[in-house]
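Data first, discussion second: the structure below is written as structure tokens.
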Amino acid sequence: AAMEGSGDAAPAVADWRLAVGTLCSVLLPVLITAWCSFQRSRRQLLIRDIFRKSKHDWHYTDLFGQPSYCCVCAQHILRGAFCGCCGLRVSERCLKKADQRFLCKEIMMRGTAGAPSSMPHHWIRGNVPLCSCCMVCKQQCGTQPKLCDYRCVWCQYTVHDECMVDCLRTEDCTFGEFKDLIIPPYYLSAINQMRKEKRSSSEKVVPYDRKHWMPVMVLANTRSGNNMGETLLGEFKMLLNPVQVFDLSKIGPAKALQLCTWLPCNSVRVLVCGGDGTVGWVLDAIDEMKIKGQERYIPQVAVLPLGTGNDLSNTLGWGAGYAGEVPVEQILRNVMEADGVKLDRWKVQVTNKGYYNLRKPKVFTMNNYFSIGPDALMALNFHAHREKTPSLFSSRIINKAVYFFYGTKDCLVQECKDLNKKIELELDGERIELPNLEGIIVLNIGYWGGGCRLWEGMGDEPYPLARHDDGLLEVVGVHGSFHCAQIQVKLANPVRLGQAHTVRLILKSSKMPMQVDGEPWAQGPCTVTITHKTHALMLYHSGEQTDDDDASSLSE
């Protein structure tokens, strides 16, 4: 019996040991994983806390785009944090030391007596741009595989370690190539002091008295088109004063443009990075400045096209879309060299039929075009689809593919047929007899539909010249989506209905799709009246002209 009992205990002990071993083999990896996850979360919280309290514009990256070295320990690093303003790069473990040891770009000088008119270089050691040259010996910098050489965060000049002398450390910074675009920190300090003392002699402040000073402001919409806005914000902050660069997803254009009131009258240039909708948003904020009595501070507006259509930027010579092919430095040069032009802005008033005394009319501001018909239907379908799944519409190519899909669908369904029986058109008070149409488009600018010169068509017929600053609208008709596609590839002409200072459309029956500058809606019976509202001051860049533009300019 004793032998039988000991025989039964042995398997029980073995089973118990197997169970404990199995439990440990399962729990140990789980505990190690949980501990590592806890430590990682704790480290991320500490990093976020440093980012939040820091004066640096820290960002974290898993992989630097070029060979990089920690500015504290000088070790080679593949990942870590970098400052979007001054360009410092550090490893995770050295982040706190770097934040305490190194100053970032100052947007405004503090603690200075009097009104300074200059400031010394702000040197940062290591990680200089590729192919940069030493300002002393003119040889290439950053060639050694270690933390070496210096770069000034304002003028972007670089200097070898061995060429750096004491006089360079105290020498006044010239702000480099873009000195006429940068707002110096000492200027903002002086203006701030004058405002506190209620003095108005700001014309004597350097560089206010400089003849060619044209400070630029950058307003970027990080949600536009192909999501390049975030990258551009960092690159512009590196070259300019960070106070000149605004993220429109965090601060509205009306608030951002108040910086213009600190700057010389009629000298500021604004670069809007976004689509045509973003440009319209900024121009609306500029109109608000006029209402506030700040008309003398109105800036001129340039466009860096990040949207899908970009017809306004194309009309003004800034191209049909930006994908990073042009360096930021060249963009700033283009802004400096651009010429000032005027852009007509129009008031679109939509009054619902039968509700004149009950509902207020809808009022829009138009920069590009108004339309009713198949292109408005495509925009309406696209808009509804994008609101359901916005994450799918982060690429310009995908956006255009969706437009193509809805255009092809309308060719088969023809939802807007017999428009001429449902609508009346008046140009400057004169009734226009309409042929058989599916759509009417009222144009203010030369381009439409993502790069098509609609008014010119194939260019084989005589037609009055179209301009965006003559106070005239061009009105055309289309026979459907297939006709629109033919016009875009220069296989057909539009139905030119005329030019006018005032356009009136009366929708007599049914519900039709309408759009103003890409903002669509479905509209019931109504009266649409388009009248001139104001002018906007824009910047025209002649370097991005296409063959069509050259032919048009020759015909003028």
Side-chain angles (χ1 to χ4, degrees), residues 311-312 315 342-353 356 361-376 416-449 452-459 461-480 483-484 487 492-510 512-517 520-521 523-535 552 555-556:
D311 291 307
L312 180 57
T315 299
K342 287 185 178 180
L343 173 72
D344 291 322
R345 304 193 77 213
W346 301 83
K347 176 184 175 183
V348 180
Q349 183 171 299
V350 182
T351 307
N352 291 311
K353 190 175 181 180
Y356 296 110
K362 291 185 283 188
V363 178
F364 304 89
T365 300
M366 182 184 88
N367 302 312
N368 299 2
Y369 37 73
F370 165 88
S371 70
I372 177 171
D375 70 317
C416 303
K417 64 181 179 180
D418 298 327
L419 177 69
N420 53 297
K421 298 176 183 178
K422 304 172 186 176
I423 201 166
E424 292 179 4
L425 173 66
E426 294 179 6
L427 302 182
D428 289 336
E430 181 181 344
R431 174 84 177 270
I432 304 297
E433 290 297 325
L434 296 174
N436 185 25
L437 296 173
E438 284 191 30
I440 293 175
I441 303 165
V442 183
L443 297 161
N444 179 46
I445 60 176
Y447 283 92
W448 163 87
C452 169
R453 296 189 72 91
L454 182 60
W455 179 251
E456 284 82 348
M458 296 185 348
E461 297 177 355
Y463 50 84
L465 290 175
R467 297 179 61 89
H468 49 74
D469 59 354
D470 58 356
L472 282 172
L473 293 166
E474 287 71 47
V475 185
V476 302
V478 292
H479 298 302
H483 186 209
C484 290
I487 296 170
N493 285 315
V495 181
R496 297 188 186 93
L497 300 173
Q499 292 178 300
H501 299 280
T502 303
V503 176
R504 191 164 178 257
L505 299 103
I506 302 170
L507 181 60
K508 297 181 287 187
S509 61
S510 75
M512 294 293 290
M514 295 184 180
Q515 70 154 336
V516 174
D517 290 352
W521 75 97
Q523 178 65 47
C526 67
T527 299
V528 180
T529 307
I530 307 177
T531 54
H532 193 268
K533 180 182 178 182
T534 185
H535 282 107
S552 176
S555 65
E556 292 180 26

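The basis for the numbers below is simple: all heavy atoms, side chains too, and nothing from hydrogens, waters or symmetry mates. Quick caveat, the model's predicted, so the values are computed rather than measured. All residue numbers in this chain count up from 1 along the given sequence.
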Tell me the closest heavy-atom pair linking [X] and [Y], and the distance in Å.
X: Asn436; Y: Asn420; answer: OD1-OD1, 3.3 Å
X: His483; Y: His479; answer: ND1-N, 2.9 Å
X: Pro513; Y: Ala376; answer: O-CB, 3.5 Å
X: Ile372; Y: Leu507; answer: CD1-CD1, 4.5 Å
X: Lys347; Y: Lys533; answer: N-CB, 3.8 Å
X: Pro435; Y: Val495; answer: CG-CG1, 4.0 Å

Residue pair [X] / [Y], side-chain heavy-atom distance below 4.5 Å:
X: Leu425; Y: Val503; answer: yes
X: Asp311; Y: Tyr369; answer: yes
X: Thr529; Y: Thr351; answer: no

- Will you find, in the side chains of Asn493 and Tyr463, an N or O donor that is under 3.5 Å from an N or O acceptor? no

Distance from [X] atom [atom1] to [Y] atom [atom2], nearest 0.5 Å?
X: Leu434; Y: Lys421; atom1: CG; atom2: NZ; answer: 12.5 Å
X: His468; Y: Thr315; atom1: NE2; atom2: OG1; answer: 6.5 Å
X: Cys526; Y: Met512; atom1: SG; atom2: CE; answer: 10.5 Å
X: Ile445; Y: Leu312; atom1: CD1; atom2: CG; answer: 5.0 Å
X: Ile530; Y: Gln349; atom1: CD1; atom2: CD; answer: 11.5 Å
X: Leu454; Y: Asp375; atom1: CG; atom2: CG; answer: 9.0 Å

- Which residues pass the salt bridge (Lys or Arg N to Asp or Glu O under 4.0 Å) test with Arg504, sequence neighbours left out?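 Result, salt bridge (Lys or Arg N to Asp or Glu O under 4.0 Å) vs Arg504: Glu426.
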
- Task: Taking side-chain contact (heavy atoms from CB on, under 4.5 Å) as the test, write out the residues that go with Asp517, two or more places apart.
- Result: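 Checked Asp517 against side-chain contact (heavy atoms from CB on, under 4.5 Å); matches are Met366, Asn367, Asn368.
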
- Query: For Thr534, which residues count as a side-chain contact (heavy atoms from CB on, under 4.5 Å) partner, sequence neighbours excluded?
  - Reply: Asp287, Lys290, Arg345

- Query: With no hydrogens and no angle check, is any side-chain donor or acceptor of Asp428 less than 3.5 Å from a backbone partner on Ala500?
  - Reply: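 Here the side-chain-to-backbone pair does not exist.
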
- So, does Trp448 use its side chain to make a donor-acceptor pair with the main chain of Trp455 at under 3.5 Å?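 No; zero donor-acceptor contacts below 3.5 Å.
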
- Note on the structure: Taken in chain and number order and not counting sequence neighbours, the residues that satisfy side chain to side chain donor-acceptor pair (under 3.5 Å) with Asp469 are Arg467

- Who pairs with Lys362 by side chain to side chain donor-acceptor pair (under 3.5 Å), at least two apart in sequence or on another chain?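 So Lys362 forms a side chain to side chain donor-acceptor pair (under 3.5 Å) with Gln523.
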
- Evaluate the side-chain contact (heavy atoms from CB on, under 4.5 Å) criterion for residues Gln499 and Leu473: first the C-alpha distance (whole Å), next the side-chain angles of each, then the deciding distance (0.1 Å), finally the verdict. CA-CA 5 Å; Gln499 292 178 300; Leu473 293 166; over 6 Å; no

- Can you name the ring-ring contact (aromatic ring centres under 6.0 Å, His included) partners of His501, sequence neighbours left out?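 With neighbours one apart ignored, the set is empty.
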
- Task: Name the orientation class of the two ring planes belonging to Phe370 and Trp521 (parallel below 30°, tilted from 30 to 60°, perpendicular beyond 60°).
- Result: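 If you compare the ring of Phe370 with that of Trp521, the planes turn out tilted.
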
